[in-house]
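For reference, the structure discussed in these notes is given below.
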Amino acid sequence: MSSHTRIAVDPVVLSCAVRYALGRLSYLPGLIDGEVRRLWSDLDDSDRAVIHGDIAEWLADDWRHDTRPGFKRTVTVWADLLAWIELQEQP
């Protein structure tokens, strides 16, 4: 298999990955951000709505103001992705 070959991702798996990665202090939010952007045009409206809603809900929670080192970066990744998603939804 070539190093440039990508594996197809089921929308349910992508949605689960988003939920799992929300709030993680690791490389995972950035990785999932890239996958959501890469696969966005392949998702149907309901899959997009789930991902959009999960990210928006997580960002709206008060506990997201965690003061652990690196948490601000995690919030920034998700806020930037949400803004990007909302731009994609504009007519």
message: Rounded to the nearest 0.5 Å, what separates atom CD in Glu86 from atom CG in Leu82?
response: 4.0 Å
query: Would the number of heavy atoms belonging to other residues, nucleotides or ligands and lying under 6.0 Å from CZ of Arg73 be above 12?
result: no
field: Tyr27 reachable from Leu22 in the ILVMFWY side-chain graph, under 4.5 Å edges
entry: yes
message: Quick check: closest heavy atoms across Pro29 and Ala21, and the distance to 0.1 Å?
response: CG-O, 3.7 Å
query: What about Val13 and Val50, same hydrophobic cluster or not, with Ile/Leu/Val/Met/Phe/Trp/Tyr joined at side-chain heavy-atom distances under 4.5 Å?
result: no
- prompt: Between Asp44 and Arg48, is there a side-chain N and carboxylate O pair less than 4.0 Å apart?
  reply: no
message: Checking the side chain of Thr74 only, and the main-chain atoms of Leu25 only, is there a donor and an acceptor separated by less than 3.5 Å?
response: no
query: Are Asp33 and Asp80 close enough, and set up right, to give a side-chain contact (heavy atoms from CB on, under 4.5 Å), and what steps lead you there?
result: CA-CA 9 Å; Asp33 166 72; Asp80 289 351; 5.8 Å; no
message: Set out, in order, the CA-CA distance, both residues' side-chain angles and the distance that settles side-chain contact (heavy atoms from CB on, under 4.5 Å) for Asp54 and Ser15, then state yes or no.
response: CA-CA 9 Å; Asp54 286 347; Ser15 178; 4.2 Å; yes
message: Once rounded to the nearest 0.5 Å, what's the spacing between atom CG of Leu39 and atom CG of Leu14?
response: 6.0 Å
message: List the residues meeting side chain to side chain contact (heavy atoms under 4.5 Å, CB included) with Gln88, not counting sequence neighbours, and say none if there are none.
response: Trp40, Trp84
- prompt: Side chain of Thr76, backbone of Lys72: donor and acceptor closer than 3.5 Å?
  reply: yes
message: Under 4.5 Å between side-chain heavy atoms, counting indirect links through other Ile/Leu/Val/Met/Phe/Trp/Tyr residues: same cluster for Val36 and Leu31 or not?
response: yes
field: Separation between CD of Glu35 and CG of Leu28, rounded to the nearest 0.5 Å
entry: 10.5 Å
query: Less than 4.5 Å apart, any side-chain heavy atom of Tyr20 and any of Ile32?
result: no
- prompt: Would a 4.5 Å heavy-atom cut-off, applied to side chains only, mark Trp78 and Val18 as touching?
  reply: yes
